Amino acid sequence: MKTYKNPIIPGFYPDPSICRVGEDYYLVTSSFEYFPGVPIFHSKDLVNWKQIGHVLDRPEQLNLDQTPNSRGIYAPTIRYNDGIFYMITTFVVSQTGARRNFYVTATDPAGPWSDPNWLEDAPGIDPSLLFDDDGKVYYTGNRKPPEGPKYKKHNEIWLQELDLEKKQLVGPKYSLWDGALKNAHAQEAPHLYKINGWYYLIIAEGGTGHTHAVTIARSQNVTGPYEMTETNPILTHRHLGNNHPIVNVGHADIVETHNGDWWMVCLASRPYGGYYRNLGRETFLVPFIWEDGWPIVNPGKGIIEEEMIFPQLEEHKWPSLPAHDPFESEQLENRWNFLRTPRGDFWSLTERPGFLRLKAKKETIMEEENPAFVGRRQQDIDFMAQTVMEFSPKEENETAGLVLLQNQDYQFRLEVVLENQKPHIQLIRREAGVDELVAKREIATDKVYLKVEAEGQAYHFYYAEKAFDWELLADKVDGTILSTDKAGGFIGSYMGMYCSANGKESRNYADFDWFEYQGIN
């Protein structure tokens, strides 16, 4: 019997939301402080996914200036109605500290998408939309209960009608539900569906950590009252312990296939080397059935498995993405991101064709700024990443190289610097905002090859002055600083290319000929 492996989208792709249009499936995930925002994927079989772009790919759509780590774009929902795609999400706005919700639209999921339609008086996070049979559209989100929380992290799910012509919420707000468990906390991620005459409300509760869970309630009226199933939570791994290979399962969305089967996408993490989750929260897939009017997830087992039976859909594989990016296009491939909205003319694929040029901005990757950094997600527990760089530092403040990044305070920098008028290659391990020099060697060339290989949490760093004539710089370095379990926040590990003048103006730059990443099985 044909099977598939979880996660279906590995690496930092959390908070998945899904919709179907005919025999095509579309999925979006959170992107936080990274730009472009909200990656969007296309599938024909729910297992094989191809990224077709980003929903928020223009600076005028998404201003992430000074957005703090693990803020920015939270929990998008994608829906389709009458020829139009809708993506609604929360922007945790850094400039004011306020949370604002907005939606954008498109007729083609690959874009272009509209500029944001900001919704006033829409408190809370994790908005979602329901297009009802009578033509009305309903907004759901979470908020603090109007009468005040009864305990720490007490939220409720609320509903209000959305007028698409006026592009604003209208009418009264309704309190729907505050979760299945007594003193349930962090009620969030609501999705409302109308199925067989019932309104079903699926939410997450327990927080996005180890106690994450999926719960459900239903009503015959959209405004309630909502009753819950006695089998809640319908999905969680909180009871399986810290050593289970899949943990913190929650934040689900559901879809009915064109064959009439039902599937759920949700987030979860894969800890390794202890309870460390460098990969962040990833996108998983699990089947469910309806029994007595309620979902039964993965019948007979009730959990997500690493290997599961393939959907009853014709398999549709996409051409595999190359591990090697030669930077021969005039556009960056969809896997690449910037930290926050890119400001200034600091990168180019055309100034030296066949190379990615990064100019030495004064901003650094040790700040909550927009540094000259182009990165991609770590997607494998064991992996290899390498690049070749041409860089000649003119001043001791100038640096460039390969960065493994959790946030501004937790990272590795395999970089070239100038010391005593001679170039050196060094490895910096940064933990809790403090830099530690792990190793340093003098080099005699401005063209240097850089590589990291990871075996679980053991990271090995190499450099070469001649093509692939590798020299070991540091062996078995502890990689757990790249986990949110040490660094905090909600994101997964990134890696990429970097150039900085460390607070000063500079006209220098680094040229990267190619970048290669691949998982090691």
Side-chain angles (χ1 to χ4, degrees), residues 15 17 19 74-79 81 86 88-90 99 101 103 119-164 168-208 212-236 250-254 264 266 290 293-295:
D15 310 321
S17 176
C19 73
Y74 280 24
T77 294
I78 188 169
R79 294 292 182 258
N81 183 68
Y86 297 79
I88 188 166
T89 187
T90 304
R99 294 176 176 178
N101 293 291
Y103 70 93
L119 298 175
E120 300 301 326
D121 192 24
I125 62 172
D126 300 0
S128 185
L129 296 176
L130 169 69
F131 293 85
D132 209 346
D133 302 337
D134 59 4
K136 290 186 177 181
V137 184
Y138 294 100
Y139 172 107
T140 54
N142 84 341
R143 65 176 180 180
K144 298 297 181 185
E147 68 277 8
K150 297 177 182 178
Y151 50 85
K152 187 178 180 180
K153 296 184 180 180
H154 178 207
N155 295 312
E156 69 169 18
I157 306 305
W158 64 280
L159 173 141
Q160 192 173 11
E161 188 179 347
L162 173 62
D163 188 321
L164 291 177
Q168 64 186 34
L169 297 172
V170 296
K173 288 180 169 62
Y174 295 92
S175 298
L176 299 187
W177 193 40
D178 68 348
L181 303 181
K182 186 176 181 180
N183 292 344
H185 70 278
Q187 299 90 333
E188 58 195 17
H191 291 304
L192 191 61
Y193 317 87
K194 192 172 187 181
I195 303 168
N196 295 329
W198 286 90
Y199 293 94
Y200 285 90
L201 178 61
I202 290 180
I203 75 167
E205 57 182 81
T208 196
H212 214 21
V214 181
T215 59
I216 190 170
R218 71 180 184 181
S219 175
Q220 291 190 318
N221 297 299
V222 69
T223 58
Y226 280 80
E227 61 178 13
M228 67 177 185
T229 175
E230 294 180 353
T231 59
N232 272 323
I234 58 172
L235 178 63
T236 188
H251 202 116
D253 198 4
I254 64 174
M264 176 182 290
C266 61
W290 294 93
W294 297 103

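Owing to the predicted nature of the structure, the values given are computational and were not obtained by experimental measurement. Throughout, numbering of the chain's residues begins at 1 and tracks the sequence.
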Side-chain donor-acceptor contacts of residues 120-132 below 3.5 Å, not counting sequence neighbours, with atom names and distances?
unit_1: E120; atom_1: OE2; unit_2: R100; atom_2: NH2; d: 3.1
unit_1: D121; atom_1: OD2; unit_2: K173; atom_2: NZ; d: 2.8
unit_1: D126; atom_1: OD2; unit_2: A189; atom_2: N; d: 2.9
unit_1: S128; atom_1: OG; unit_2: H191; atom_2: ND1; d: 2.9
unit_1: D132; atom_1: OD1; unit_2: Y199; atom_2: OH; d: 3.3
unit_1: D132; atom_1: OD2; unit_2: Y199; atom_2: OH; d: 2.6

Main-chain N/O of [Y] paired to [X] side chain as donor or acceptor, under 3.5 Å:
X    : Y    : value
S17  : I78  : yes
Y193 : I254 : yes
H212 : G207 : yes
Y151 : A184 : yes
T140 : W158 : no

List in chain and number order the residues that pass side chain to side chain donor-acceptor pair (under 3.5 Å) with [X], two or more places apart in sequence or in another chain; answer none if no residue qualifies.
X    : answer
K144 : N155
E188 : none
H154 : D178

key: Salt-bridge criterion met for D253 and R79 (N-O under 4.0 Å)   =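 Yes.
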
key: salt bridge (charged side-chain N to carboxylate O under 4.0 Å, His left out) partners of residues 214-226, not counting sequence neighbours, each pair once   =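 Found R218-E227.
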
task = Not counting sequence neighbours, list each pair that qualifies as a salt bridge (charged side-chain N to carboxylate O under 4.0 Å, His left out) and has a residue in residues 146-159.
result =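 Passing the test, one end in residues 146-159: R143-E156.
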
ask   = If we only count heavy atoms from C-beta on, is the L119 to Y103 side-chain gap below 4.5 Å?
value =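 When only atoms from C-beta onward are counted, Y103 and L119 do touch, with a gap below 4.5 Å.
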
